[in-house]
S.K.: 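One structure, as structure tokens, below. Some questions next.
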There are 2 protein chains.
Amino acid sequence: MNKPSFRNWQSVQTEVLRRIHAREWEPGDLIPNESDLALEFGCARTTVNRALRAVADSGLLDRRRKAGTRVAEQPVAKATLAIAVIRNEIEERGQYYGYRLITRREAIPPLAVSDAMKSPQNHTLLHVRALHLADDTPYAFEDRWINPKVVPEGLAESYEIVSANEWLLKHAPYTHGEIAFSATSATSEEAEILCCNENSALLAIDRLTWDGSSTVTKVRLLFGPRHQLRTIL
Amino acid sequence: MNKPSFRNWQSVQTEVLRRIHAREWEPGDLIPNESDLALEFGCARTTVNRALRAVADSGLLDRRRKAGTRVAEQPVAKATLAIAVIRNEIEERGQYYGYRLITRREAIPPLAVSDAMKSPQNHTLLHVRALHLADDTPYAFEDRWINPKVVPEGLAESYEIVSANEWLLKHAPYTHGEIAFSATSATSEEAEILCCNENSALLAIDRLTWDGSSTVTKVRLLFGPRHQLRTIL
DNA sequence: AGTGATTTTATGTGCATACATAATAAATTT
DNA sequence: AAATTTATTATGTATGCACATAAAATCACT
């Protein structure tokens, strides 16, 4: 009947998670405050704080000053998707990475693009389209618009060897961005590029990247059929 | 020429981010160690540590003991998707939530399902199919298998009023899970349920949930055409 | 009763210090 | 030269303490 001691925040976290999973603390319950837990666990309040903060970050606890800490009623699962450079993504799967530039030109973008990028309607942008391959089979089609006002050095690049995906990440700083996942039917052109049937369902990732108040780049990545983005919860 | 002081970890974080964005610290660069930064910022090392840890969590810094902290070469963007209960998701958009149970029966699942759930092949599971609606239009089709060995109370539920999505989250604890995003073409049945054209490209979320070593539930959520999952980076 | 000021309380954070740990670099041995 | 041991160093974390801050609860006053 020895009370176990919890010397580090990870073990406190584990115990807290155990209690939540075992329903010792049920959804909606107010759990004891940090000082009491520290006393019970035989550690400093700081340590309990660290552990509770970690659990709260994962969405299983709701914490509010003075109100205390309670078990989340409906834990919002937070799926964290790691969006890496496509070359790394492929190489990490143990596959051979291939790259092919399709087109590269300066052009006035369609309204949808200039709007999204908050760029003047008749302003020329750099338009790069390319294909990423894994073991010589089409993996993802990249359709990208780059704002030369923000990344003038981008105009000097051919993107024939290094993809815009990779070049930009290395050379264009950004402060924030947004990303959207959706499904779309392959147009005949997309089908040809990705070597799939027309109207195949494709996973699309649209990303818009900002540096301060100006848009750096807007990209759509279309993945081949049956492509999955996976993560653990 | 006063040296600004950084009294809290957030301001240190902001300054660190600024230096990275401004390329004062370039990708791959080793940054000064915590003690030096603490000295420079006029705060405790603990505070610098907290700030650097936060930045490292976001993927912009790589930290290794003894080796030091360096700016990530290719920052892996971490898109965090909040997967909430569908009802909340819809209500938070300010829409009216509707729910309709389609079928509910105990059945032997197809091989693909029993395999994924690591359930014996001829073992009966609870199969629930339902439709979630937003403002009376189909929003997501839920196709779920529940393991009654793990959640026996689940057999007593009708799922006519409360969706399995919501009921399970409230009543079935889980330790971990995996989630996959993909695109799929609507079958004729799915098209009918979701009121869309056959072969429409649909976004699919597949989730597999575990409690310890047993599978709690496996669910596929099919969203209506043009549905987007968005998040900020 | 209603309104506003005040107290209380739980979390949030900063700091100095100490020690733990991982990984590298240096020294030593084989 | 290779292998092993030892020292060094940067990050990782535990602790006690102090104070900050948000929000609930209470009290005071009209």
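Note on naming: letters A, B, ... go to the chains in the order of the sequence lines (proteins, then strands), and numbering restarts at 1 for each one.
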S.K.: With respect to the side chain of A/K66, which nucleotide from C/dT9, D/dT9, C/dA16 is positioned closest?
M.R.: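 Of all the options, the side chain of A/K66 is nearest to C/dT9.
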S.K.: Please determine if A/R220 and A/D143 form a salt bridge, counting it only when a charged side-chain N lies under 4.0 Å from a carboxylate O.
M.R.: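 Not counted as a salt bridge, because no side-chain N and carboxylate O are separated by less than 4.0 Å.
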S.K.: Return no unless some side-chain N or O of A/N8 is found under 4.0 Å from OP1 or OP2 of D/dT13.
M.R.: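 Looking at the OP1 and OP2 atoms of D/dT13, neither is under 4.0 Å from any side-chain N or O of A/N8.
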S.K.: Given that A/Q10 and A/A67 both sit by DNA chain D, which one's nearest nucleotide is further toward the 5' end?
M.R.: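 Upstream on the strand: A/Q10.
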S.K.: Considering just the side-chain nitrogens and oxygens of B/R64, establish if one lies under 4.0 Å of OP1 or OP2 belonging to C/dT24.
M.R.: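 Yes, within the criterion.
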S.K.: Take the protein atom CG of A/N33 and the nucleotide atom P of C/dA10, then report the distance between them rounded to whole Å.
M.R.: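 So the two atoms are 5 Å apart, to the nearest Å.
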S.K.: Taking the nucleotide of DNA chain C with the nearest heavy atom to each, does B/R50 or B/T46 sit closer to the 5' end?
M.R.: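 Counting from the 5' end, the first nearest nucleotide belongs to B/R50.
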S.K.: Among C/dT13, D/dT11, D/dT8, which is the nearest nucleotide to the side chain of A/R45?
M.R.: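 Between C/dT13, D/dT11, D/dT8, the one nearest the side chain of A/R45 would be C/dT13.
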S.K.: Taking the six-membered ring where the residue is Trp, are the ring centres of B/Y139 and B/H227 under 6.0 Å apart?
M.R.: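 Between B/Y139 and B/H227, the centre distance is under 6.0 Å.
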S.K.: Does the side chain of A/R63 get closer than 4.0 angstrom to OP1 or OP2 of C/dA10 through an N or O atom?
M.R.: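 It does not, given that no N or O in the side chain of A/R63 lies less than 4.0 Å from OP1 or OP2 of C/dA10.
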S.K.: Using a cut-off of 4.0 Å on non-hydrogen atoms, how would the nucleic acid contact of A/T69 be classed: base, sugar-phosphate, or nothing?
M.R.: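 Answer is sugar-phosphate: A/T69 comes under 4.0 Å of backbone atoms only.
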S.K.: What do you reckon, is CZ of A/R7 surrounded by more than 12 foreign heavy atoms closer than 6.0 Å?
M.R.: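 12 or below, so no.
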S.K.: C/dG12, OP1 or OP2 - any side-chain N/O from A/R53 closer than 4.0 Å?
M.R.: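 A/R53 to C/dG12 OP1/OP2: no side-chain N or O under 4.0 Å.
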S.K.: Scan A/T47 against the nucleic acid and name what it touches under 4.0 Å (heavy atoms): base, sugar-phosphate only, or nothing.
M.R.: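 Sugar-phosphate contact only.
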